[in-house]
Amino acid sequence: MAEKYNHKRIESKWQEVWEKTKINRTDLTSEKPKFYNLIMFPYPSGDYLHLGHGYSNSGADVYGRYKALNGFNIFMPIGYDSFGLPAENFAIKKGIHPRKSVSQNIEHAQKQLKTWGCMFDFSREVTTSEPNYYKWTQWLFLKLYEQGLAYQKESPVNWCPKCMTVLANEQVKDGFCERCEAEVVQKNMKQWFFKITDYADRLIKDLDKVDWPESSVTKQRNWIGRSEGVQMDMPVADSKEKLSVFTTRIDTVYGMTYVVLAPEHPLVDKVTTADQKKEVEKYKIQAQKQTEIERQSLEKEKTGVFTGSYAINPFNGEKVPIWIADYVLFGYGTGAVMAVPAHDERDFEFAKKYDLPIIQSIAPVFVDPTNPPKDGIEDTVRHGVIVLVKHWSEDKYLLDYSPKFGWKCLFCGGVEDGEDPLEAAAREIREEAGYQNIKEVRYMPLHHIDRFHAPHKGVNRYAHQKNIYIELADGEYVEPTEEEKELHQVSWHTKEEMLEQITLVNHKYIFETELMSGQAWTGYGALVDSAEFTGLLSEEAKKKMAEWLEKKKAGETKVNYRLHDWSIGRQRYWGAPIPIIYCEKCGVVPVPEKDLPVELPEKIKDFRPKGTGKGPLASVKEFVETTCPKCGGKAERETDTMDTFVDSSFYYLRYPSVGNDSEMMEKKVIEKWLPVDMYVGGAEHVTMHLLYARFIAKALYDAKLLKFDEPFLKLRHQGMILGPDGKKMSKSKGNVVIPDAVIKEHGTDIFRTYILFMGRFEDGGPWDPKGIVGIKRFLEKYWSLANLISAENFDLDQSVDGSQDMIVKKTINKAIKKVGEDIESFKFNTAISSLMECVNALNFLEMKYKPKQSIELWKNTVEKLTIILSPFAPHMTEEIWESLGNTESVHLQSWPKYDKDLIKDETVTVAVQINGKVREQLLINVEAEEKEVLELAKASKKVQNYLQGKEIKKVIYIKGKLLSLVVS
RNA sequence: GCCUGGGUGGCGGAAUUGGUAUACGCGACGGACUUAAAAUCCGUUGGUCUUACGACCUUGGGGGUUCGAGUCCCCCCCUAGGCACCA
């Protein structure tokens with residue numbers, strides 16, 4: 001009996017061998033086709049690398065090994081994202097210099113990584129906090145500066161009072177600091193920015209070029225938040241000022257009843273009248289004091305103040321009041337909006353509160369789905385009323401049942417030319433419903449348009465419907481004519497009953513809006529009361545109205561983005577200093593390339609943040625004081641450091657040129673090796689790192705430094721591994737599982753195979769330590785089977801004839817195909833289950849038939865099995881490979897080719913369905929035709945039972961799958 | 001509120017273009033080996049009814065299309081993630 005599998009001995013044995021043979025060092029100059037297999041580099045903030053790292057690394061490594069077996073030259077580098085807040089905070093907590101804690105943490109992470117058996121090329125590590133790396137971070141800054149993409153401006157920024165630094169929008173989660181969870185406040189500061197907004201359109205458009213998870217593409221698109229609209233100028237009445245508003249719904253402009261400026265808007269002071277000054281000032285101060293969360297809280301009731309001035313709607317020349325309100329954001333669009341309460345929920349809420357007029361300018365259009373307008377027939381325009389009638393004493397409403405048309409609805413009817421709709425409605429109720437005394441008649445907040453085909457008249461109707469509310473005074477009733485009674489049968493119902501019974505969608509809608517006492521209609525529709533634009537549909541009106549504005553030079557079409565420029569300055573110590581010098585004479589002067597890196601002073605008394613708005617570097621005299629590179633005069637250095645995301649935005653570009661200190665990217669190498677072929681990492685980086693990295697690639701492309709503008713062609717995310725309790729792992733919950741403990745007990749081959757077997761790679765899920773035994777059994781089964789074959793240790797007494805050889809061949813060929821396809825599409829779990837099936841089948845055959853005579857076939861089969869298993873269990877398979885008598889590593893072999901003919905089965909079971917139910921299974925030849933199968937089925941007793949006395953109406957045969965019979 | 005994914009046995013999860021739902025693994029039960037246990041191996045394992053043959057039901061719920069629906073269409077519920085006063 002072969003030796004039991006000992007992971008400790010075997011895994012460390014091969015890790016040593018591989019280190020010696022340098023098997024994972026990539027020859028970047030090789031002629032073989034390249035494959036850049038990248039994982040997101042870890043952040044060594046002090047904790048162990050966790051299960052999540054183990055998960056993504058395992059997936060990426062299996063994929064990389066599979067690609068290598070398929071003839072690619074794999075480059076799988078690794079590094080450490082070691083600058084930034086968490087690393088610095090960790091050092092502060094420990095009371096040591098971050099340089100020291102970072103190097104300890106890296107050493108630790110490295111140790112972990114080396115036991116994980118991944119094919120990392122450790123010879124090309126990057127560490128972002130080393131001067132030989134951040135020299136290039138600063139170089140990158142200079143390149144962006146040269147292109148005008150790095151600039152300084154005074155602007156409101158996110159300030160984290162706990163980290164005492166500015167944060168990018170991307171680092172603020174629901175108003176809290178992403179790192180320390182302190183509440184973020186707005187501060188006005190002079191800051192360095194990268195102009196990512198210049199690339200907004202390309203960042204959206206080029207998503208078409210990449211193979212990324214659809215959800216991540218959408219996430220980036222939403223984050224960038226492109227919206228097309230128009231910017232419209234509005235003169236301020238009795239003043240020379242004019243204001244500009246941005247809207248995506250210019251089609252609603254005739255419904256504008258006021259204008260709102262953000263409280264910070266510079267025009268506020270200019271338009272505020274003397275009597276309103278006090279109120280406005282008070283409001284401004286109150287708005288400023290609020291934190292971002294308070295201000296953006298949706299529960300908060302809207303507030304605002306009238307400025308005393310009016311703006312003129314260029315479309316109709318009407319004056320509308322100018323208000324200020326904090327529901328308008330200064331940072332988006334023009335910081336001013338036209339308010340159309342009838343068609344915008346926020347404006348509606350505001351208008352209700354401050355009693356501002358609500359004017360409808362868009363009418364919803366309902367197309368009757370059961371009777372839509374027919375093509376090629378002109379619309380006939382009609383005016384009509386739809387009437388909601390309320391009972392005189394109860395909370396009930398009148399339902400009209402029309403036996404002739406079969407629908408249940410509200411009362412409705414036509415309005416003759418010149419007739420008042422309210423009167424028409426009242427008349428109709430008296431004559432058709434019979435109720436005589438009306439207490440109240442009024443219009444409902446919105447009217448609408450119905451479109452349908454009127455079959456009895458042969459015309460398409462385009463009906464302007466006024467929606468009218470009638471409340472009866474009492475129950476006085478005069479019997480309608482017989483004729484009317486045939487058309488209308490009325491009954492009283494509660495709200496709920498009405499909503500249930502009404503069969504016409506438009507009537508139902510009216511009923512709902514009335515019950516909700518009006519709402520803004522935010523959908524598209526047809527324009528009403530909009531002068532020359534009346535009748536147009538929203539889409540078309542938008543175009544025409546924008547053209548109209550452009551002609552009048554009162555506005556233009558405009559695109560706005562949710563995305564803001566990337567604020568990159570941090571008032572912290574542990575980062576790459578921004579390479580800028582301020583000279584009294586020459587102003588802002590970039591540090592010349594030859595002077596890079598601007599080294600972060602290592603000896604510093606206190607590297608903790610001060611909270612003064614200036615970073616700790618400001619107090620290091622030797623650092624700050626310098627000479628101007630232009631004029632040689634006295635000058636001072638910028639003391640902010642760069643956001644960590646700048647470090648990580650280009651690390652993948654640096655890997656192939658590690659060791660070259662004179663160039664960031666070696667031209668030849670970069671042209672050969674980039675872009676990245678496969679990138680594996682967490683989905684939480686989609687709106688930060690991945691967006692920034694794409695932007696930087698595009699900027700470098702424009703600077704002619706790169707020949708591609710999309711850095712990551714393929715992207716796959718690993719799901720999140722949760723604690724055994726199904727909750728997110730965290731120290732405070734005490735449910736953290738450290739991969740090293742698992743690896744120590746079971747070995748990394750078992751660990752990585754298990755974690756990939758648990759479920760779909762993108763899904764993740766709870767870590768369940770119980771299931772690991774299944775993988776252990778599987779791999780040990782493989783181990784003993786392979787050992788048996790390699791030892792040629794067979795029971796020679798058994799008589800064998802090799803008749804099972806074909807089954808052995810088929811088994812392995814099927815596995816080769818399935819496992820390969822599954823790894824290619826990141827379906828590791830099903831790849832592993834196919835391997836299990838294969839091992840189980842071979843094991844069964846081996847035990848049953850003792851492959852004495854077919855030893856060559858068996859050996860060959862086990863070799864193939866070993867190769868296709870090697871991406872998952874690299875150590876164990878290497879050991880087996882050696883014991884099979886091979887001298888070259890299993891990882892340098894080729895993925896076996898499968899034989900197409902051996903994949904197919906000659907006989908298959910087909911299901912026989914009778915009226916949709918499976919009643920019989922037939923063993924047939926794969927090539928059998930419908931006729932044969934039908935004959936076979938008819939011969940079956942079971943089938944005969946179901947066919948007795950019945951006739952076969954229809955036969956459907958799906959080759960090799962099923963036969964479906966319809967009988968009656 | 002809007003945009004994405006999900007919802008399948010006791011559990012993790014499979015299922016090509018609509019074509020035998022529950023692969024593979026865990027767990028559970030029964031058996032073999034053992035003085036015994038562990039390990040290993042073999043068998044059973046969606047539910048209800050039935051002595052049995054078998055019948056019926058079953059992929060979050062309700063409707064539909066189809067010879068046939070986990071898969072397609074409509075409505076609803078739950079859940080994870082993202083965005084959210086973005087005009």
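Since this is a predicted model, take the numbers as computed values, not measurements. Within every chain, numbering begins at 1; the chains are lettered A, B, ... in the order of the sequence lines, protein sequences first and strands thereafter.
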- ring-ring contact (aromatic ring centres under 6.0 Å, His included) between A:Tyr754 and A:Trp767, worked out: CA-CA 10 Å; A:Tyr754 178 57; A:Trp767 171 259; 5.4 Å; yes
What residues form a salt bridge (charged side-chain N to carboxylate O under 4.0 Å, His left out) with [X], not counting sequence neighbours?
X	result
A:Lys814	A:Asp905
A:Glu930	none
A:Lys353	A:Glu301
A:Arg760	A:Glu762, A:Asp763

Taking distance alone, no hydrogens or angles, what donor-acceptor pairs closer than 3.5 Å link side-chain atoms of residues 225-234 of chain A to residues at least two apart or in another chain?
{"unit_1": "A:Arg226", "atom_1": "NH1", "unit_2": "A:Asp201", "atom_2": "OD1", "d": "2.4"}
{"unit_1": "A:Arg226", "atom_1": "NH1", "unit_2": "A:Asp201", "atom_2": "OD2", "d": "3.2"}
{"unit_1": "A:Arg226", "atom_1": "NH2", "unit_2": "A:Glu228", "atom_2": "OE2", "d": "2.8"}
{"unit_1": "A:Ser227", "atom_1": "OG", "unit_2": "A:Tyr332", "atom_2": "OH", "d": "2.9"}
{"unit_1": "A:Asp233", "atom_1": "OD1", "unit_2": "A:Ser244", "atom_2": "OG", "d": "2.9"}

Using the [atom1] atom as the point on both nucleotides, what is the distance between [M] and [N], in whole Å?
N	M	atom1	value
B:U65	B:G54	C1'	32 Å
B:C24	B:G81	P	33 Å
B:C57	B:U22	C1'	15 Å
B:C11	B:G27	C1'	7 Å

What pairs of nitrogen or oxygen atoms, one from the protein and one from nucleotides 81-83 of chain B, lie under 3.5 Å apart?
{"unit_1": "B:C83", "atom_1": "O3'", "unit_2": "A:Arg562", "atom_2": "NH1", "d": "2.8"}

Searching all strands shown, indicate the nucleotide that pairs with [N] (Watson-Crick or G-U wobble; both distances under 3.5 Å).
N	result
B:C24	B:G12
B:A84	none
B:A55	B:U48
B:A39	none
B:G5	B:U79

- Task: Would you please confirm or rule out a distance under 4.0 Å between OP1 or OP2 of B:C26 and any side-chain N or O of A:Lys770?
- Result: no
- Using only side-chain N and O atoms of A:Lys917, determine if any of them is under 4.0 Å from OP1 or OP2 of B:C57.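 The answer is yes; a side-chain N or O of A:Lys917 sits under 4.0 Å from OP1 or OP2.
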- Message: Are A:Asp822 and A:Ile832 packed together at the side-chain level, in the sense that at least one heavy-atom pair is separated by less than 4.5 angstrom?
- Response: no
- Item | Close side-chain approach of A:Val918 and A:Val912, heavy atoms under 4.5 Å |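 Not in contact.
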- Message: Does the Lys NZ or Arg CZ of A:Arg249 fall within the cation-pi geometry relative to A:Trp521 - under 6.0 Å from the ring centre and within 45° of the axis?
- Response: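 So A:Arg249 doesn't make the cation-pi contact.
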- Task: Report yes or no: do A:Lys781 and A:Asn840 form a side-chain donor-acceptor pair below 3.5 Å?
- Result: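 A pair is found: one side chain offers a donor N or O, the other an acceptor, under 3.5 Å apart.
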- List the steps and the verdict of ring-ring contact (aromatic ring centres under 6.0 Å, His included) for A:Tyr258 and A:Tyr354. CA-CA 11 Å; A:Tyr258 63 104; A:Tyr354 292 103; 8.9 Å; no
- Where the chi angle of B:G30 falls, syn if within 90° of 0 and anti if not: anti
- side chain to side chain contact (heavy atoms under 4.5 Å, CB included) against A:Asp211, all qualifying residues, sequence neighbours excluded: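 Checked A:Asp211 against side chain to side chain contact (heavy atoms under 4.5 Å, CB included); matches are A:Lys714, A:Arg716.
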- Task: Could I get the full list of side chain to side chain contact (heavy atoms under 4.5 Å, CB included) partners for A:Lys959, not counting sequence neighbours?
- Result: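 For A:Lys959, the residues satisfying side chain to side chain contact (heavy atoms under 4.5 Å, CB included) (neighbours in sequence not counted) are A:Glu927, A:Tyr957.
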- Item | Out of B:C67, B:A87, B:C57, whichever nucleotide has its closest atom nearest the side chain of A:Val966 |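 So the nucleotide nearest the side chain must be B:C67.
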- Item | Closest listed nucleotide, where the reference is the side chain of A:Thr218 and the choices are B:C3, B:C67, B:G12 |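 Taking heavy atoms from C-beta onward, the closest nucleotide is B:C3.
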- Message: Show every salt bridge (Lys or Arg N to Asp or Glu O under 4.0 Å) that has at least one partner inside residues 907-921 of chain A, sequence neighbours left out.
- Response: A:Glu920-A:Lys942
- Task: For A:Lys953, answer base if it contacts any base atom (sugar-phosphate contacts may also be present), sugar-phosphate if it contacts only those atoms, and nothing otherwise; contact means non-hydrogen atoms under 4.0 Å.
- Result: nothing
- Task: With heavy atoms under 4.0 Å as the rule, sort A:Lys827 into base, sugar-phosphate or nothing.
- Result: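 Answer is sugar-phosphate: A:Lys827 comes under 4.0 Å of backbone atoms only.
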- Task: Using heavy atoms to find the nearest nucleotide of RNA chain B for A:Gly765 and A:Met338 separately, return the residue whose nucleotide is more 5′.
- Result: A:Gly765
- Task: Return the 5'-most residue of the pair A:Lys954, A:Ala336 with respect to RNA chain B, ranking by each residue's nearest nucleotide.
- Result: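 The residue closer to the strand's 5' end, by nearest nucleotide, is A:Lys954.
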Polar pairs (N or O, both sides) under 3.5 Å between protein and nucleotides 52-55 of chain B?
{"unit_1": "B:A55", "atom_1": "OP1", "unit_2": "A:Tyr946", "atom_2": "OH", "d": "2.3"}

Atom pairs under 3.5 Å, N or O on each side, protein against nucleotides 19-22 of chain B: can you list them with distances?
{"unit_1": "B:G19", "atom_1": "N2", "unit_2": "A:Gln913", "atom_2": "OE1", "d": "3.4"}
{"unit_1": "B:U20", "atom_1": "O2", "unit_2": "A:Gln921", "atom_2": "OE1", "d": "3.2"}
{"unit_1": "B:U20", "atom_1": "O2", "unit_2": "A:Gln921", "atom_2": "NE2", "d": "2.7"}
{"unit_1": "B:U20", "atom_1": "N3", "unit_2": "A:Gln921", "atom_2": "OE1", "d": "3.4"}
{"unit_1": "B:U20", "atom_1": "O4", "unit_2": "A:Thr909", "atom_2": "O", "d": "2.7"}
{"unit_1": "B:U20", "atom_1": "O4", "unit_2": "A:Thr909", "atom_2": "OG1", "d": "3.0"}

- Within the distance-only criterion (no hydrogens, no angle test), does the side chain of A:Tyr283 pair as donor or acceptor with the backbone N or O of A:Asp326 below 3.5 angstrom? yes
Taking only N/O atoms, report every protein-nucleotides 23-25 of chain B pair under 3.5 Å with atom names and distance.
{"unit_1": "B:A23", "atom_1": "O2'", "unit_2": "A:Glu837", "atom_2": "OE2", "d": "3.1"}
{"unit_1": "B:G25", "atom_1": "OP1", "unit_2": "A:Asn840", "atom_2": "ND2", "d": "2.9"}

